[in-house]
Asker: 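Handing you this structure, nothing more for now.
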Amino acid sequence: MSENEENNHKNFIEEIVEQDLAQGKNEGVIQTRFPPEPNGYLHIGHAKSICLNFGLALEYGGKTNLRFDDTNPVTEDVEYVESIKNDIRWLGFDWEDREFYASDYFEKLYEYAVQLVKDGKAYVDDSPLEEIRRMRGVPTEPGEESPYRDRSVEENLDLLERMREGEFPEGARVLRAKIDMASPNMQLRDPVMYRILHKEHHRTGDAWCIYPTYDWAHGQSDAIEGITHSICTLEFEVHRPLYDWFLDQIGTFDASVLQPRPRQIEFARLNLSYTVMSKRKLLELVEGDFVSGWDDPRLPTILGMRRRGYTASGIRNFAERVGVAKRDNVIDLSFLEYCIREDLNKTAPRVMGVLDPVKLIITNYPEGQREDLSIENNPEDPASGSRSVPFSRELYIEQDDFMEDPPKKYFRLGPGGEVRLKGAYIITCTDFKKDPDTGKITEIYATYDPHTKSGEDTSGKKVKGTIHWVSLPHALPVEVRLYDRLFTDPDPAGHKDQDFKRFLNPESLNVIEKAYVEPSLKQAKPLENFQFMRKGYYCLDPDSTEDRLIFNQTVTLRDTWAKIQQK
RNA sequence: UGUCCGGUUGUGUAAAGGUAGCACAGGAGAUUUUGGUUCUCUUAGUCAGGGUUCGAAUCCUUGCCGGACAACCA
């Protein structure tokens with residue numbers, strides 16, 4: 001899937017991997033993992049991480065595990081597990097039989113914790129939450145040690161066991177690593193390893209009432225699975241010393257965690273302009289009914305992009321091309337759209353659809369006559385063949401494609417003007433009707449030149465413009481949903497004083513109740529991609545029924561005419 | 001006033017002491033039975049100061065700016 005010749009610069013993670021491989025680390029093996037927490041739906045940022053992790057393994061002959069980071073039963077649910085798996089599969093990646101859960105390792109983790117306690121490197125703290133918080137201090141000042149910090153090993157062991165047995169209420173005690181309350185790195189100020197949570201876990205049921213924290217579970221899970229490169233986002237950078245500390249301590253009594261020894265590498269998360277990416281904000285949009293659901297085509301969720309008609313290969317390509325680095329970034333939405341168009345241009349069959357119809361009557365074309373014209377499916381892909389499109393005396397064309405009083409650079413229809421009907425004939429406009437009240441054009445009249453039929457044109461005529469059309473008696477009425485960016489501001493979440501929802505774009509969804517498309521679309525399958533010629537890419541919405549087809553606009557075509565008009 | 005990370009055209013991302021390149025976006029043109037695609041050409045950049053060096057985006061230093069860290073979230 002990935003890139004070829006000119007793209008030989010490596011990102012910094014590839015460089016690290018190559019160095020490790022060259023130095024013979026981990027016996028030349030690379031193993032990565034994608035570690036989602038099953039508490040929400042995946043979005044384009046996750047897609048980048050998925051592509052990075054799976055892509056790296058593919059590139060260097062390694063494997064990638066799927067590991068659910070299910071250490072917090074309060075927020076997690078199986079519902080998310082299934083959805084996440086579907087999304088990864090849809091993106092085109094395969095974890096084979098390596099579907100793991102941090103909860104698979106709860107027992108092992110507990111054993112490790114017990115040993116740490118025995119080694120005097122962890123202790124049970126009875127302090128209430130607020131007290132622990134207070135004693136942790138602030139980044140600029142050292143914290144203070146807990147009065148329970150120097151309990152005997154025996155007492156710690158006993159307490160830890162009773163925590164596990166469920167003797168204590170939630171919040172009563174925690175197990176903490178004994179590191180350094182004065183560390184300038186807050187993560188090292190005796191971080192919590194276990195908290196008491198009397199909650200049912202979606203996999204382990206009621207087997208546990210103490211649950212490991214992220215820091216305690218993650219690195220050890222990596223080690224247990226033999227992960228060599230544990231890739232995460234920048235905010236975990238300050239956790240790395242802790243990640244390494246746990247491994248070092250456990251390594252003193254279980255050398256297996258050190259071979260291979262997992263290494264944490266952080267990269268900058270993906271940000272996209274004109275949208276929001278945080279789980280919390282996405283949830284707010286869904287629950288507040290600002291969008292129709294997690295699969296709303298305006299959302300940057302994988303579910304949403306898929307329904308929008310974005311392709312997996314387009315997204316993969318995007319993820320690869322945005323690069324990997326450590327500096328904060330905001331990717332132009334237009335770059336994503338470019339990647340999607342690029343893919344669709346090569347693969348999407350062309351069809352004709354009129355979104356804003358006006359009737360065109362070819363006065364010299366026999367009434368009741370029908371011609372079946374053969375039109376190529378995709379000029380970019382000769383192998384895609386052609387299809388039959390009915391033509392007749394009465395057609396629909398786009399309102400936009402006629403102007404009563406056209407400017408000089410206008411290549412479409414005007415009174416007395418000529419234009420080619422795509423795949424059909426050259427016509428000359430002879431007359432038109434206008435609604436006197438609204439000024440709207442209601443009917444256009446034209447004559448056609450029978451010698452100008454596409455493919456067998458003997459007229460020698462040349463016209464500047466070609467427009468699309470749909471035969472009126474054969475047209476299929478459909479609903480079309482046009483989408484625009486969800487927010488009007490490039491960084492809706494970037495205003496400290498204002499709620500991001502303030503920047504919601506009221507025009508982000510525009511429903512056309514009745515557009516007309518060529519009859520071949522009757523056969524369209526849900527989510528199938530098409531190019532509506534001269535308009536954009538569309539896919540069939542899964543909500544469509546036999547007698548009501550709905551098309552989602554994936555992305556418009558580049559429109560240089562619109563740009564010219566703006567000037 | 002702490003620690004860590006970062007700062008290259010508008011946006012991304014390369015250049016590992018030796019010509020600042022590529023992509024998107026912007027602009028100009030050619031081709032075109034999609035004002036699409038494709039193809040040319042083009043505008044625009046090393047945060048600032050000092051130092052090392054024949055030579056600095058790169059190394060050192062000072063400063064400035066941005067981000068992360070103070071959940072029993074991940």
Side-chain angles (χ1 to χ4, degrees), chain A residues 6-11 15 35-37 39 69 71-72 74-76 125 128-129 132-134 136-143 170-176 183-189 191-197 210-211 213-215 217-218 232-241 266 268 273 279 321-339 341-342 345-346 350 352 375-376 379-380 409-412 419-424 426 452 454-455 457 462-468 490 531-536 556-564:
Chain A
E6 99 260 20
N7 190 9
N8 47 13
H9 30 251
K10 309 285 182 199
N11 63 54
E15 276 172 11
E37 184 188 12
N39 73 343
D69 219 337
T71 56
N72 187 356
V74 180
T75 54
E76 297 156 5
D125 194 338
L129 197 153
I132 289 181
R133 209 171 271 172
R134 184 189 65 76
R136 186 151 32 225
V138 292
T140 51
E141 288 161 38
E170 281 187 19
R173 288 173 228 262
V174 291
L175 183 74
R176 302 176 74 180
S183 172
N185 182 342
M186 298 292 290
Q187 311 306 319
L188 262 21
R189 323 247 261 226
V192 171
M193 295 168 64
Y194 280 106
R195 72 283 213 194
I196 298 170
L197 254 25
I210 57 172
Y211 290 93
T213 55
Y214 165 86
D215 288 303
H218 201 92
C232 62
T233 44
L234 246 31
E235 66 269 28
F236 293 103
E237 208 155 24
V238 285
H239 293 241
R240 185 166 8 110
E266 313 85 13
S273 62
K279 276 183 191 171
R321 295 217 249 170
V322 290
V324 179
K326 296 188 76 159
R327 63 185 93 100
D328 292 332
N329 62 81
V330 183
I331 312 292
D332 272 351
L333 182 61
S334 64
F335 186 61
L336 210 209
E337 293 182 334
Y338 166 82
C339 292
R341 279 196 197 101
E342 182 186 51
N345 175 50
K346 286 182 287 199
R350 314 280 120 138
M352 292 195 283
I375 301 183
E376 59 186 346
E380 301 296 313
K409 283 287 192 52
Y410 188 78
F411 300 154
R412 285 110 99 147
V419 79
R420 173 173 289 282
L421 296 173
K422 172 69 193 177
I426 291 176
T452 58
S454 263
D457 190 332
K462 288 273 180 269
V463 287
K464 284 291 256 187
T466 298
I467 64 172
H468 61 280
Q531 184 195 100
F532 286 11
M533 293 198 90
R534 303 208 306 134
K535 297 309 282 183
T556 60
L557 251 29
R558 267 183 65 201
D559 190 352
T560 47
W561 171 242
K563 264 179 217 158
I564 294 167

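From a predicted model like this one, the values you see are computed outputs, not experimental measurements. Residue numbering restarts at 1 for every chain, and letters A, B, ... go by the order of the sequence lines.
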Asker: Assign A:V174 to base, sugar-phosphate, or nothing according to its heavy-atom contacts below 4.0 angstrom with the strands shown.
Answerer: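 Base contact.
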Asker: Base, sugar-phosphate alone, or nothing: which one does A:R240 contact when heavy atoms must sit under 4.0 Å apart?
Answerer: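 Result for A:R240 = nothing.
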Asker: Counting Watson-Crick and G-U wobble pairs only, both distances under 3.5 Å, name the nucleotide matched with B:C22, or none.
Answerer: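 Base-paired to B:G12.
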Asker: Have a look at A:P36 and say if it touches a base, only the backbone sugar-phosphate, or nothing, with a 4.0 Å heavy-atom cut-off.
Answerer: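 Nothing: the residue A:P36, judged by heavy atoms under 4.0 Å, touches no strand.
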Asker: Within less than 4.0 Å of OP1 or OP2 of B:A74, is there a side-chain N or O belonging to A:T71?
Answerer: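 So the side chain of A:T71 is within the cut-off, an N or O lying under 4.0 Å from OP1 or OP2 of B:A74.
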Asker: Which part of the nucleic acid does A:I331 contact within heavy-atom distance under 4.0 Å: base, sugar-phosphate only, or nothing?
Answerer: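 Sugar-phosphate: the residue A:I331, judged by heavy atoms under 4.0 Å, touches backbone atoms but no base.
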Asker: Give a yes or no on whether the backbone of A:V238 and the side-chain of A:N185 come within a donor-acceptor separation of less than 3.5 Å.
Answerer: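 Yes: the side chain of A:N185 pairs with the backbone of A:V238.
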Asker: Check every strand shown and say whether A:N11 touches a base, only sugar-phosphate, or nothing at a heavy-atom separation below 4.0 Å.
Answerer: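 Sugar-phosphate contact only - A:N11 comes under 4.0 Å of backbone atoms but never of a base.
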Asker: I need the A:I375 CD1 to A:M533 CE distance, nearest 0.5 Å.
Answerer: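 If I round to the nearest 0.5 Å, the distance is 8.0 Å.
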Asker: With sugar-phosphate meaning primed atoms plus P, OP1 and OP2, does A:E170 contact a base, only sugar-phosphate, or nothing at under 4.0 Å between heavy atoms?
Answerer: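 Nothing, no nucleic acid heavy atom in range.
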Asker: At under 4.0 Å between heavy atoms, what does A:G455 touch on the DNA or RNA strands: base, sugar-phosphate, or nothing?
Answerer: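 Contact class for A:G455: base.
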Asker: On a whole-Å scale, what distance lies between the P atoms belonging to B:U19 and B:U31?
Answerer: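 Those two atoms are separated by 39 Å.
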Asker: Do the non-hydrogen side-chain atoms of A:H218 and A:H239 ever get within less than 4.5 Å of each other?
Answerer: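 Contact flag for A:H218/A:H239 side chains = no.
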Asker: Select base, sugar-phosphate, or nothing to describe what A:P379 touches, counting heavy atoms under 4.0 Å on all strands.
Answerer: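 It contacts base atoms.
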Asker: Rounded to the nearest 0.5 Å, what separates atom CE in A:M352 from atom NZ in A:K422?
Answerer: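 These two atoms lie 8.0 Å from each other.
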Asker: Whether the side chain of A:R195 engages the backbone of A:G171 through a donor-acceptor N/O pair (distance < 3.5 Å, no angle test) should be reported.
Answerer: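 A pair under 3.5 Å: no.
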Asker: With sugar-phosphate meaning primed atoms plus P, OP1 and OP2, does A:K563 contact a base, only sugar-phosphate, or nothing at under 4.0 Å between heavy atoms?
Answerer: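 Touches sugar-phosphate only.
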Asker: Strictly by Watson-Crick or wobble contacts shorter than 3.5 Å, is anything paired with B:C39, and which nucleotide is it?
Answerer: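 B:G29 - that is the nucleotide pairing with B:C39, both distances being under 3.5 Å.
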Asker: In the structure shown, which nucleotide is the Watson-Crick or G-U wobble counterpart of B:G2, with both distances under 3.5 Å?
Answerer: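 For B:G2, the partner nucleotide comes out as B:C69, under the 3.5 Å rule.
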Asker: For the pair A:Y338 and A:F335, name the ring-plane relationship: parallel under 30°, tilted 30 to 60°, perpendicular over 60°.
Answerer: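 Geometry flag for A:F335 against A:Y338: parallel rings.
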Asker: Would you mind telling me which of B:G6, B:G21, B:G35 lies closest to the side-chain atoms of A:H9?
Answerer: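 Per side-chain heavy atoms of A:H9, the pick is B:G21.
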Asker: Name the nucleic acid region contacted by A:E15, choosing base, sugar-phosphate or nothing; use a 4.0 angstrom heavy-atom cut-off, strictly under.
Answerer: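 Answer is base: heavy atoms of A:E15 come under 4.0 Å of a base.
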Asker: Paired with B:U53: which nucleotide, if any, by Watson-Crick or G-U wobble criteria at under 3.5 Å for both distances?
Answerer: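 B:U53 is paired with nothing.
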Asker: Tell me the partner of B:U46, counting only Watson-Crick (N1-N3 plus N6-O4 or O6-N4) or G-U wobble (N1-O2 and O6-N3) with both under 3.5 Å; none if nothing fits.
Answerer: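 WC or wobble partner does not exist here.
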Asker: Sticking with atom P, work out how far B:A30 lies from B:A23, rounded to a whole angstrom.
Answerer: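 The answer is 22 Å between these two P atoms.
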Asker: B:G35 phosphate, OP1 or OP2: any side-chain N/O from A:R534 under 4.0 angstrom?
Answerer: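 Yes.
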Asker: Hey, is the side chain of A:R327 poking within less than 4.0 Å of OP1 or OP2 on B:G7, counting only N and O atoms?
Answerer: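 True: A:R327 side-chain N/O within range (under 4.0 Å) of B:G7 OP1/OP2.
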Asker: Nucleotide by nucleotide, 5' to 3', does protein get under 4.0 Å of the base (B), only the sugar-phosphate (S), or neither (-) in nucleotides 65-71 of chain B, counting heavy atoms?
Answerer: --SSSBS
Asker: How close do A:S273 and A:L333 get, counting heavy atoms only, and between which atoms?
Answerer: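 Looking at all heavy atoms of both residues, the closest pair is OG-N, 3.0 Å.
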Asker: Quick one: is A:R321 getting a side-chain N or O under 4.0 Å of the B:C22 phosphate, OP1 or OP2?
Answerer: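 No, no such contact exists.
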Asker: What nucleotide, of B:A74, B:U34, B:G10, holds the atom closest to the side chain of A:Q531?
Answerer: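 Out of B:A74, B:U34, B:G10, the nucleotide with an atom closest to A:Q531's side chain is B:U34.
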Asker: Atom pairs under 3.5 Å, N or O on each side, protein against nucleotides 37-47 of chain B: can you list them with distances?
Answerer:
unit_1	atom_1	unit_2	atom_2	d
B:U37	OP2	A:R558	NH1	3.3
B:U37	O2'	A:N345	ND2	3.2
B:U37	O2'	A:E380	OE1	3.1
B:U37	O2'	A:E380	OE2	3.2

Asker: Within the 4.0 Å heavy-atom criterion, would you say A:V324 contacts the bases, only the backbone, or no part of the nucleic acid?
Answerer: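 Contact class for A:V324: sugar-phosphate only.
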Asker: Look at the side chain of A:S454 against the base of B:U33 and say whether a donor-acceptor pair falls under 3.5 Å; ignore hydrogens and angles.
Answerer: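 A donor-acceptor contact between them is present.
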